[in-house]
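Notes follow once the structure below has been shown.
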Amino acid sequence: MTAQEIIRYMKSLHDETQQRVLMSFFKTAPGEYGYGDEFLGIKVPQTREVVKAAAKDIPLSEIPELLTSRWHEVRLCGLLILVWHFERLTAKRLVNDVEAIHKRDDILMLYLKYAERANNWDLVDLSAPKILGHWLMLPTMLPDGHAGLHKDYKLETLDELASSSCLWRQRMSIVCTWKTSQQGDASWCLRYAEVHLRHPHDLMHKAVGWMLREMGKRVSMDLLRDFLRQHASQMPRTTLRYAIEKMPDQERLYWMNI
């Protein structure tokens, strides 16, 4: 299976009506965050079917051609193929396997190299937690070739994403914490929620609030309340609304009135 074969097949699924819907939904008009993004009009379940059929037969060397495609759905396909490969290297028996660690690191580095090609929120949200976020919780050979958790290097990696001028790299640094919170570690979410707390873009306001909500649900509501006690009065209202969405009505009212 080659990237060109996948692209030809996906082009054959072109749907003009769905194309117009997606271009509106993902804000591709001049001045909007998705300006310039091009769509074939393929629904996500269709793209997932392509991934299911192709992932095991396409070498990673072909993935950059998918990630650099002009077509949004083709880039999504490339990202989901990376997710497919990464997840199969995280089985319990492979967590500490040296060859599997090397392969996971290779996928992670490929993902980061082409991070800016995940240039809309869905591309980030469907890939960052399952590749970058999961990698944060696993042994790595990076940067020195010795297996370990290497948290300092992982912090440097996320700090670099968070401080980027690229909105999508910034979003990766917070949305990837969905996975770390699922695995019971609140530290990543709390760190990058604070880093991005005063970000100017609405997409980041939503992402930060969403990740705080998930951290509270998955790890500790008390940790979420501690964070809110420190920051609620300075948080964008969108962030705060997202963060407290699952709280009882009376408590939500309390936080919104701070």
Side-chain angles (χ1 to χ4, degrees), residues 1-10 13 40 42-69 71-143 145-150 153-154 157-158 160-161 168-169 171-173 175-183 188:
M1 181 70 70
T2 67
Q4 277 299 311
E5 288 174 324
I6 290 174
I7 293 169
R8 280 196 297 271
Y9 175 70
M10 295 186 76
L13 301 176
L40 289 166
I42 302 173
K43 296 180 179 180
V44 172
Q46 291 176 286
T47 301
R48 289 192 181 277
E49 286 298 315
V50 176
V51 172
K52 184 178 178 180
K56 65 180 182 298
D57 295 321
I58 185 169
L60 290 180
S61 60
E62 290 284 310
I63 302 304
E65 188 168 355
L66 300 177
L67 298 181
T68 55
S69 171
W71 302 111
H72 183 104
E73 297 95 334
V74 174
R75 297 196 303 280
L76 175 58
C77 182
L79 291 166
L80 292 179
I81 289 173
L82 289 182
V83 169
W84 187 93
H85 282 282
F86 193 93
E87 288 186 327
R88 274 146 188 78
L89 294 165
T90 63
K92 188 174 182 179
R93 63 184 176 81
L94 296 176
V95 166
N96 295 299
D97 180 83
V98 171
E99 183 178 359
I101 296 173
H102 275 297
K103 289 180 177 178
R104 291 196 301 261
D105 287 345
D106 287 345
I107 293 170
L108 183 279
M109 295 306 292
L110 181 61
Y111 181 68
L112 293 178
K113 181 178 179 179
Y114 291 95
E116 290 183 29
R117 300 302 297 164
N119 58 345
N120 217 311
W121 59 264
D122 63 317
L123 302 179
V124 173
D125 297 358
L126 291 171
S127 60
K130 293 181 177 180
I131 297 175
L132 180 58
H134 206 163
W135 175 78
L136 294 174
M137 307 300 290
L138 294 166
T140 178
M141 294 287 186
L142 298 170
H146 295 89
L149 290 178
H150 298 300
Y153 175 77
K154 292 174 180 178
T157 300
L158 257 64
E160 185 175 342
L161 289 170
W168 310 114
R169 287 179 178 267
R171 188 174 173 97
M172 284 179 178
S173 71
V175 172
C176 75
T177 69
W178 192 3
K179 187 67 174 183
T180 55
S181 292
Q182 284 178 337
Q183 297 202 1
W188 299 95

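- Within a 6.0 Å radius of CD in Glu160, no more than 12 heavy atoms belonging to other residues, nucleotides or ligands are found.
- With rounding to the nearest 0.5 Å, the separation of CG in Leu110 from OG in Ser61 is 10.0 Å.
- For the residue pair Ile63 and Gly78, the shortest heavy atom distance occurs at CG2-O, 3.8 Å.
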Report task. Step by step, work out the side chain to side chain contact (heavy atoms under 4.5 Å, CB included) result for Trp135 and Lys179. Result -> CA-CA 9 Å; Trp135 175 78; Lys179 187 67 174 183; over 6 Å; no
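- Side-chain N/O atoms of Tyr111 and Ser127 include a donor and acceptor closer than 3.5 Å.
- For the pair Arg169 (side chain) and Leu112 (backbone), a donor-acceptor distance under 3.5 Å is present.
- The shortest distance between side-chain heavy atoms of Leu158 and Leu136 falls below 4.5 Å.
- Between Ile131 and Phe86, the closest heavy-atom pair is O-CZ, 3.7 Å.
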Query raised in the report: Do Leu132 and Leu161 pass the side chain to side chain contact (heavy atoms under 4.5 Å, CB included) test, and can you show the C-alpha distance, the side-chain angles, and the key distance before you say yes or no?
Result: CA-CA 11 Å; Leu132 180 58; Leu161 289 170; 3.5 Å; yes
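- In terms of heavy-atom proximity, Leu142 sits nearest to Met109 at CD1-SD, 3.7 Å.
- Counting heavy-atom neighbours within 6.0 Å of Tyr153 OH, excluding the residue itself, gives a total above 12.
- Within a 6.0 Å sphere centred on NZ of Lys154, heavy atoms belonging to other residues, nucleotides or ligands number more than 12.
- Sorted by first then second residue, the salt bridge (Lys or Arg N to Asp or Glu O under 4.0 Å) pairs that include residues 126-143, not counting sequence neighbours, number zero.
- Between the side chain of Arg104 and the backbone N or O of Val95, at least one donor-acceptor pair lies under 3.5 Å.
- The 12-atom threshold is exceeded at CH2 of Trp71, counting heavy atoms of other residues, nucleotides or ligands nearer than 6.0 Å.
- The NZ atom of Lys56 sits 7.0 Å away from atom CH2 of Trp84, with the distance rounded to the nearest 0.5 Å.
- Ala118 approaches Leu79 most closely through the heavy-atom pair CB-CD1, 4.0 Å.
- Side-chain atoms of Glu62 come within 3.5 Å of backbone N or O of Ala3 as a donor-acceptor pair.
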Query raised in the report: Checking side chain to side chain contact (heavy atoms under 4.5 Å, CB included) for the pair Asp125/Arg171: CA distance, chi angles, key distance, verdict?
Result: CA-CA 8 Å; Asp125 297 358; Arg171 188 174 173 97; 2.7 Å; yes
Requested in this report: Start with the C-alpha gap between Leu126 and Leu80, add the side-chain angles, then the distance that decides, and say whether side chain to side chain contact (heavy atoms under 4.5 Å, CB included) holds.
Outcome: CA-CA 8 Å; Leu126 291 171; Leu80 292 179; 4.3 Å; yes
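- With hydrogens and angles disregarded, a donor-acceptor distance shorter than 3.5 Å links the side chain of Thr90 to the backbone of Glu87.
- Rounded to the nearest 0.5 Å, atoms CG (Leu40) and CD (Glu73) are 4.5 Å apart.
- A donor-acceptor pair under 3.5 Å links the side-chain atoms of Asp97 to the main chain of Glu99, judged by distance alone.
- Distance CE/Met10 to OG1/Thr47: 4.0 Å, rounded to 0.5 Å.
- What you find for Lys103 and Leu89 is that their closest heavy atoms are CB-CD1, 3.5 Å.
- With rounding to the nearest 0.5 Å, the separation of CG in Asp106 from NE2 in His102 is 8.5 Å.
- In this structure, CD1 on Ile81 lies 5.5 Å from CG on Leu66, to the nearest 0.5 angstrom.
- For the pair Ile107 and Leu82, the tightest heavy-atom approach, listed with the atom from each and the gap, is CG2-O, 4.0 Å.
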